[in-house]
Amino acid sequence: MSEVFDLAVDLIRRRSVTPEDGGCLQEISARLARLGFRIEHLRYGDVDNLWATRGANNAPGEGPLLVFLGHTDVVPSGPEDAWQSPPFEPTVRDGRLYGRGAADMKSGVAAMAVALERFVTRHPDHPGRVGLLLTSDEEGPTNLDGVRRVAAYLREVGERIDWCVVGEPSSKQKLGDLIRVGRRGSLSGSLKVRGVQGHVAYPDKALNPIHAFAPALAELAGERWDEGNADFPPTSFQVSNLNAGTGASNVIPGVLTALINFRYSTASTAENLRRRSEAILARHGLDYTLEWSLSGEPFLCPSGGRLRDTVVSVCRELCATEPEQSTGGGTSDGRFIAPMGAEVVELGPVNATIHKVDECIDLAELERLPDLYQAICERMLLRPLC
């Protein structure tokens, strides 16, 4: 049907469940290399990453640099017989393209690649630089060897990213009706509360860690961590797992374990949340250990920023919609790029079917997506430098 359709179909057909890439990056890098992109394949552990850039001199730190960011890995399909058509055999039905990764995010990857091809073909001597950063480790539990690792490498070689468009599926009901202009930070903790195991008939000879932790948990859950701000809702605290006991009804457990998480705004810091949490636990006299893991700091592309204003105007003109400018949802790989000083905005397909059985994208929106990304290239790199 079109370049973007053909590429999306090719990518969906590749069974690239995290951290496998299935040859997606080789396919895309070969296309971009023919157009003069400098290609770097960065493999860390089991993870493949692609860093492709093009522009005058094309040296690290020579800006301005506009980067498109995405991932080629997908989540498992689940039972394949639950799908109307095989999840890794792209299928068109009723004006939609079906397959695992159709929305999250192989169509976005295809659209970014095609947009860059069109942009450099139309403007071979374009000012500034354009880039594409792809990883096979976005959907995994740790993200240690994907964009996080590449960002560290880019800092080492003196690279600077000025603007970054993340192709994650951001839209709600139609393409361009919502963009992400920031994300909350994510701070997780693994808590172990120690008691003394014993017989339930002799509680005086034991210490129940469940009972000991309950008042502290109530205080943690009821705490008002901050009030949020104009761009973010208040910070939230959640317990995602709580476990204790031997499986016997007549045994007081000796240890309780809990997994906790903060989704926090720019109104708080990770250090402040850690300190306040530990103060509550200490106040209740618990014998505990708590290991913290920071998945990402919050970030915000400021109102009035060039990239944010450009993406909004492109959605208005090409999608005939006024995009909601949101900081909701979970985390994205944009959290590793924003600390480099980049303005980061997320714009991609409708997310209604992501990670679901019969994941799909509307064909008309798939065809329009490269137009959006190409327009962003032209307005960010051509207009300011004319």
Cluster overlap Leu217 with Leu286, hydrophobic side-chain contacts below 4.5 Å: yes
Test log, rule side-chain hydrogen bond (donor to acceptor under 3.5 Å, both in side chains), inputs Thr331 and Arg184: CA-CA 7 Å; Thr331 59; Arg184 294 174 295 174; over 6 Å; no
Pairs where residues 270-310 contributes a residue and the test ring pair (Phe, Tyr, Trp, His ring centres under 6.0 Å) is met, not counting sequence neighbours: none
For Arg148, all residues meeting salt bridge (charged side-chain N to carboxylate O under 4.0 Å, His left out), sequence neighbours excluded: none
Pairwise side-chain contact, Val255 with Val193, heavy-atom cut-off 4.5 Å (strictly under): no
For Glu3, all residues meeting side-chain hydrogen bond (donor to acceptor under 3.5 Å, both in side chains), sequence neighbours excluded: none
OG1 on Thr91 to CG on Leu97, rounded to 0.5 Å: 8.0 Å
Linked, directly or transitively: Val147 and Leu134 (ILVMFWY side chains, under 4.5 Å): no
Worked check of side chain to side chain contact (heavy atoms under 4.5 Å, CB included) between Arg122 and Glu378: CA-CA 10 Å; Arg122 184 174 179 182; Glu378 292 173 343; 3.2 Å; yes
Transitive ILVMFWY side-chain link Leu32 to Leu66, under 4.5 Å: yes
Set of residues satisfying side chain to side chain contact (heavy atoms under 4.5 Å, CB included) with respect to Asn243, sequence neighbours excluded: Asn241, Thr257
Any residue meeting side chain to side chain contact (heavy atoms under 4.5 Å, CB included) with Thr289, in chain and number order, not counting sequence neighbours: Lys192, Arg194
Point-to-point distance, once rounded to the nearest 0.5 Å, from OG1 of Thr135 to CG of Leu69: 9.0 Å
Candidate pair Gln238 and Arg263, rule side chain to side chain contact (heavy atoms under 4.5 Å, CB included), full reasoning: CA-CA 9 Å; Gln238 290 293 317; Arg263 292 302 167 103; over 6 Å; no
Pairs where residues 320-330 contributes a residue and the test salt bridge (Lys or Arg N to Asp or Glu O under 4.0 Å) is met, not counting sequence neighbours: Lys172-Glu324, Arg316-Glu322
Donor-acceptor contact below 3.5 Å, side chain Glu343 vs main chain Leu307: yes
Over 12 non-hydrogen atoms of neighbours within 6.0 angstrom of NE2 in His211: no
Side-chain donor/acceptor of Ser295 to backbone N/O of Leu187, under 3.5 Å: no
Lys/Arg-Asp/Glu bridge criterion (N-O < 4.0 Å) met for Glu227, Arg224: yes
Phe262 and Trp225 aromatic centres sub-6.0 Å: yes
Test side chain to side chain contact (heavy atoms under 4.5 Å, CB included) applied to Ile28 and Leu50, step by step: CA-CA 9 Å; Ile28 292 168; Leu50 171 64; 4.2 Å; yes
Min side-chain heavy-atom separation Val166-Val345 under 4.5 Å: no
Cluster link Met380 to Val67, ILVMFWY, side chain under 4.5 Å: no
Residues in salt bridge (charged side-chain N to carboxylate O under 4.0 Å, His left out) contact with Arg149, at least two apart in sequence or another chain: Asp145
Ring pair (Phe, Tyr, Trp, His ring centres under 6.0 Å) partners of Tyr44, counting only residues at least two apart: none
Under 3.5 Å: donor-acceptor pair, side chain of Thr72, backbone of Asp21: no
Salt bridge (charged side-chain N to carboxylate O under 4.0 Å, His left out) against Arg93, all qualifying residues, sequence neighbours excluded: none
Asn49 side chain to Ser136 side chain, donor-acceptor N/O pair below 3.5 angstrom: no
Full working for side-chain hydrogen bond (donor to acceptor under 3.5 Å, both in side chains) between Glu297 and Tyr264: CA-CA 8 Å; Glu297 297 278 5; Tyr264 68 102; 2.7 Å; yes
Min side-chain heavy-atom separation Pro203-Asn208 under 4.5 Å: no
Side chain to side chain, Leu281 and Phe213, heavy atoms closer than 4.5 Å: yes
Step-by-step side-chain hydrogen bond (donor to acceptor under 3.5 Å, both in side chains) determination, Glu138 to Thr18: CA-CA 8 Å; Glu138 194 275 343; Thr18 312; over 6 Å; no
Carboxylate-amine/guanidinium contact Glu359 Lys356, below 4.0 Å: no
Side chain to side chain contact (heavy atoms under 4.5 Å, CB included) partners for Thr53, two or more places apart: Arg38, Trp51, Asn58, Arg129
Side-chain heavy atoms of Phe232 within contact of Thr266, under 4.5 Å: yes
Lys/Arg-Asp/Glu bridge criterion (N-O < 4.0 Å) met for Arg276, Glu271: no
Arg13/Glu89 salt bridge by N-O under 4.0 Å criterion: yes
Candidate pair Arg274 and Asn272, rule side-chain hydrogen bond (donor to acceptor under 3.5 Å, both in side chains), full reasoning: CA-CA 5 Å; Arg274 286 192 291 257; Asn272 179 261; over 6 Å; no
Heavy-atom side-chain contact between Pro169 and Val350 under 4.5 Å: no
Residues Arg308, Leu300; criterion side chain to side chain contact (heavy atoms under 4.5 Å, CB included); working and verdict: CA-CA 10 Å; Arg308 181 168 172 174; Leu300 177 70; 4.2 Å; yes
hydrophobic_cluster_shared for Leu42 and Met340, side chain cutoff 4.5 Å: yes
Residues Asp226 and Thr235: side-chain donor-acceptor under 3.5 angstrom: yes
Arg160 and Arg155, any side-chain heavy atoms less than 4.5 Å apart: no
Can you give the donor-acceptor pairs under 3.5 Å from side chains of residues 102-120 to other protein atoms, not counting sequence neighbours?
residue, atom, partner, partner atom, Å
Asp104, OD1, His71, NE2, 3.2
Asp104, OD2, His355, NE2, 3.0
Lys106, NZ, Leu11, O, 2.7
Lys106, NZ, Arg14, O, 2.8
Lys106, NZ, Ser16, OG, 2.7
Ser107, OG, Ala102, O, 2.6
Glu117, OE1, Arg31, NH2, 3.0
Glu117, OE2, Arg31, NE, 2.7
Glu117, OE2, Arg31, NH2, 3.4
Arg118, NH1, Asp371, OD1, 3.2

Pairwise ring pair (Phe, Tyr, Trp, His ring centres under 6.0 Å) hits with a residue in residues 172-200, at least two apart: His199-Tyr202
